[in-house]
Structure formats: structure tokens, C-alpha cells
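See structure below.
For ligands, and for the atoms within them, numbers begin at 1 and follow the listed sequence.
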Amino acid sequence: MAAEAVNPFDTAREQIDIVADLLGLDGGVREVLRHPKRELTVSFPVRMDGGDLEVFTGFRVEYNMARGPCKGGIRFHPGVTLDEVRALAAWMTWKCAVVNIPYGGAKGGVVVDPARLSRGELERLTRRYATEISPIIGPEMDIPAPDVNTDSQTMAWIIDTYSMQKGFAVPGVVTGKPVSLGGSEGRGDATGRGVACVIREGARDAGVRVRDASVAIQGFGNVGGATARILHDEQHARIVAISDVRGGIYRREGLDPHAVEAHRNATGSVVGFPGTTPVSNDALLELAVDILVPAALENQITARNADRIQAKIIGEGANGPTLPAADQILFEKKVVVLPDVLANAGGVTVSYFEWAQNIEGYYWSLETVNERLNEVMVRSYSAIRDLGRERQVHLRTAAYILAFDRVVEAMRARGTYP
Ligand code: NAD
């Protein structure tokens with residue numbers, strides 16, 4: 001995928017500046033919003049299966065904790081940089097404020113291609129990284145969760161590592177853990193469920209019928225997979241294109257995401273699914289579809305291709321898939337962009353439910369989790385839509401206005417220490 005080589009933290013800061021200008025935020029407050037509060041860079045050795053030591057680099061960035069403990073996933077990817085983690089941590093801050101859950105934002109990452117590691121190597125890397133960042137994580141401080149190439153098993157290793165060091169069980173140190181360790185029902189699909197929910201709401205307002213609407217999904221992992229299944233099973237949309245890191249597939253009549261998932265599990269990729277024609281990740285973005293869901297990585301929709309996007313609705317499953325210049329082009333083309341800080345906030349919302357259930361020691365049914373998730377997503381979407389209409393701005397700017405109001409209010413209430 002030919003992602004444009006843009007530094008995501010430059011994007012994050014450009015977005016902050018646009019909204020700070022609109023709100024007339026004074027210099028000091030604006031500078032606080034432009035800076036991460038705390039950053040940790042760690043280098044650590046891992047014993048590889050062959051006996052050699054290999055040194056890896058990881059990061060944890062806590063961006064802003066005015067509204068509560070920091071929250072954000074951990075990414076394992078060869079392209080991870082400190083600036084990418086900073087951007088993702090900033091976006092987590094705005095996202096938690098958008099859905100009004102009592103968290104600040106954080107993110108972590110390790111520069112590694114996990115496909116290259118054995119399971120044992122991956123476990124040792126995870127445990128050592130967890131140990132290296134353990135001084136700054138904890139249920140009341142900073143609570144990691146899964147992101148690209150990490151999952152509930154990664155979270156289970158982190159719980160065990162952290163608990164061994166403390167001498168007692170600390171399941172609340174992460175969310176997105178297995179249900180057997182205190183995870184929440186519904187967390188696995190929560191991000192995709194939130195994306196599907198916001199698409200349903202946005203489509204209704206845009207006069208697009210989701211039933212039989214054509215949908216293209218870039219990235220078929222946790223987020224893209226669940227979004228595809230839920231749009232297909234519950235909203236009866238026609239998923240015509242799906243891709244992963246190796247390429248994409250297209251079928252005009254529609255795909256059964258369950259069958260594609262089975263093929264991916266058996267072969268390692270969606271590519272080669274019978275009865276489909278190949279489509280590149282770049283071409284997928286420009287297909288003549290009603291709904292487009294970028295659910296892979298940053299920097300996909302840029303000033304270069306925004307004009308060729310044909311979708312009426314874009315539901316951002318991924319974080320940072322659209323650059324600010326593209327936002328403006330899409331707004332002028334009247335494409336409805338459901339921004340990441342709203343559209344993919346279902347994951348952190350159910351992470352919050354999980355954290356609350358851990359504290360309460362009382363566990364909710366899947367129906368309760370999904371019902372409460374739906375409520376949060378509908379309420380947040382409606383608030384942003386109304387603000388967008390009122391201020392004549394696109395939904396990302398509206399979401400940022402809402403988020404900045406909440407973060408800045410918390411900062412002002414605390415005052416400046418000392
Ligand atoms: P994942 O590792 O489960 O899946 C990633 C998918 O993207 C895979 O199908 C992979 O093959 C594909 N992919 C990776 N690199 C690609 C490339 N260069 N081109 C095309 N496809 C590529 O990750 P995920 O958890 O589904 O995360 C996807 C996006 O959603 C990320 O931007 C992440 O930050 C965001 N997100 C995740 C969550 C969550 O709860 N997991 C929550 C909010 C946002």
C-alpha cells in the first residue's frame with residue numbers, strides 16, 4: 001500500500017491548530033494540547049530461539065491526563081516511530097473526550113515485525129516490553145489495550161508479567177483481555193460494532209440506505225473484520241471489497257465475510273478467495289462504492305487521491321487514515337467522513353466498560369454491553385452532527401471542538417501546578 005510518507009504527529013498537530021484557531025484558544029493552552037505529557041523510550045534485549053540476543057525499541061506516550069488515567073493500545077509493527085505513537089496518543093485523548101469517558105490518552109508501540117517471531121519469542125518480547133514500561137502503567141495511571149498486531153493473548157501476557165512483579169493479581173492493568181481473566185463480553189468486536197453503528201447513523205442522515213449498499217473495507221483484522229461481519233449480518237450491506245497487507249479482493253455481487261475470514265485463517269490472507277478479482281489497496285479506496293471503511297493504517301486518503309474517492313460515506317475504522325488536506329476536499333465533495341475519534345471509539349468505550357466491571361467485580365451480559373455501547377455511539381454521533389451543522393464544519397472538526405471543550409475545561413478546573 002503506497003501510504004503517503006507523512007509524519008502522523010505533524011498531522012495531529014495540524015488538526016490541533018485548525019481547531020485551536022477556530023476556538024480562539026490562547027497560546028498557553030494550545031501549546032499544552034500540542035505536547036505529549038510524558039514519553040518513555042525503551043531498548044531491551046530478547047533471547048531469540050536460536051540463542052542470540054536481539055535488541056528491540058519500544059515506546060509508551062501518555063499524552064494528556066487532565067480527564068483521568070491514560071488509555072490507549074499497544075502496536076507491534078516494523079514502521080512504529082515515536083512520532084506515530086505520539087499522534088496515536090493525542091488521538092486517544094480526543095477520542096476519550098468525544099465519547100465522554102473519564103480517561104486521558106496514551107499509546108504504545110514496539111518496532112517489530114511480529115510475523116517474523118515464533119510464539120515464544122513474541123511472548124518474551126511482550127513480557128520484557130511490559131516490564132520496561134511497568135513504572136508508568138497501572139489501573140489508576142495508564143491502561144494499555146490491543147492495537148495493530150496485538151490481541152487478547154498479548155494482554156494476558158502483560159497481566160501475568162505485571163501481576164508477578166506486584167505479587168498479586170492486577171487484571172485491571174490492561175483491557176481487551178480474555179474473558180477468563182476478567183475481560184468484557186463484546187470487547188473483541190467492540191471497535192467494529194461502533195464503526196457499524198456510526199455508519200448506520202451517518203447513512204440515515206445522508207439519505208443512504210445501508211441495506212444492499214456497497215461497502216469496501218481496507219484492512220481485515222480486528223476492526224475491519226468485525227465491521228464487515230456486523231454490516232453484513234445485522235445491516236444487510238453488500239461487502240464488495242476487502243483487503244489486507246497482501247492485497248485485496250473484489251466481487252460485485254458481494255462477499256460473505258465469514259467465508260473470507262475462514263479463507264484468511266486457512267491461507268494467511270484474503271487474497272485468492274474464490275470467485276473474486278484482485279484489487280490493490282490503493283484501487284480499493286477509489287472503487288465506486290457507497291461506503292468505504294479504511295481499517296488498516298494511517299495516511300491512506302490524501303490530497304492526491306481524495307478527489308477520486310467515490311464513496312458517499314467514509315467510516316474511519318483506522319486511526320489517522322485521512323490527511324487534513326483530504327478532509328477539506330472530501331467536505332467540499334459532500335462526502336460524509338465519520339472521523340476516527342468518533343467512528344472507532346467503540347473499542348475504548350467497551351474497554352472503559354471492562355475497567356468499570358473489574359473495579360465493580362460485577363460482570364455484564366453481552367446484550368448489556370452492546371446496548372450501552374450503542375447508546376454511547378448514538379449519543380456521541382448526534383452531538384457531533386449537530387455541532388457540525390451549527391458551525392458549518394466537517395465532522396472531524398466538530399468532534400475536535402467537542403473534545404477540546406471537555407479537555408480544556410478539565411485543565412482549567414485543575415489549574416496549573418504549582
Ligand atoms: P489488526 O492487526 O487486527 O489488523 C490490521 C489489518 O490491516 C490486517 O488485516 C492487516 O493485514 C492490514 N494491514 C496492515 N498493514 C496494511 C497495509 N500496509 N495495507 C493494507 N492493509 C494492511 O489491527 P486492528 O486492531 O484491526 O487495527 C486496525 C486499525 O484500527 C489501526 O489504525 C488501529 O489503530 C485502529 N484501531 C484499533 C482498535 C482496536 O480495538 N483494535 C480500536 C480503535 C482503532
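Under the 4.5 Å side-chain criterion, counting only non-hydrogen atoms from C-beta, L342 is not in contact with L395.
Y400 places no side-chain N or O within 3.5 Å of a backbone atom of I18 that could act as its donor or acceptor partner. With hydrogens and angles disregarded, no donor-acceptor distance shorter than 3.5 Å links the side chain of S184 to the backbone of R187. No donor-acceptor pair closer than 3.5 Å links the side chain of W91 to the backbone N or O of A12.
Checked against a 3.5 angstrom limit, the closest N/O atoms of F220 and ligand 1 fall inside it.
The nearest non-hydrogen atom to atom 32 (O) of ligand 1, considering only A296, G320, G268, G73, comes from A296.
With a 4.0 Å cut-off on non-hydrogen atoms, R75 touches ligand 1 through its side chain and not its backbone. Contact annotation for N281 and ligand 1: only side-chain heavy atoms (C-beta onward) come within less than 4.0 Å of the ligand.
The shell of residues lying under 4.0 angstrom from ligand 1, judged by heavy atoms, excludes Q300.
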Tabulate below the donor-acceptor pairs under 3.5 Å that side-chain atoms of residues 61-68 make, not counting sequence neighbours, or state none.
| residue | atom | partner | partner atom | Å |
| --- | --- | --- | --- | --- |
| E62 | OE1 | R38 | NH1 | 3.0 |
| Y63 | OH | L33 | O | 2.6 |
| Y63 | OH | R34 | O | 3.3 |
| Y63 | OH | H35 | N | 3.4 |
| N64 | OD1 | A66 | N | 2.8 |
| R67 | NH1 | I101 | O | 2.8 |
| R67 | NH2 | N100 | OD1 | 2.7 |

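Residues meeting the ring-ring contact (aromatic ring centres under 6.0 Å, His included) test with H232, sequence neighbours left out: none.
Atoms of ligand 1 found under 4.0 Å from any heavy atom of A295 (numbered from 1 in listed order, with element): 28 (C), 29 (C). Here is the list of ligand 1 atoms found below 4.0 Å of a heavy atom in L297: 15 (N).
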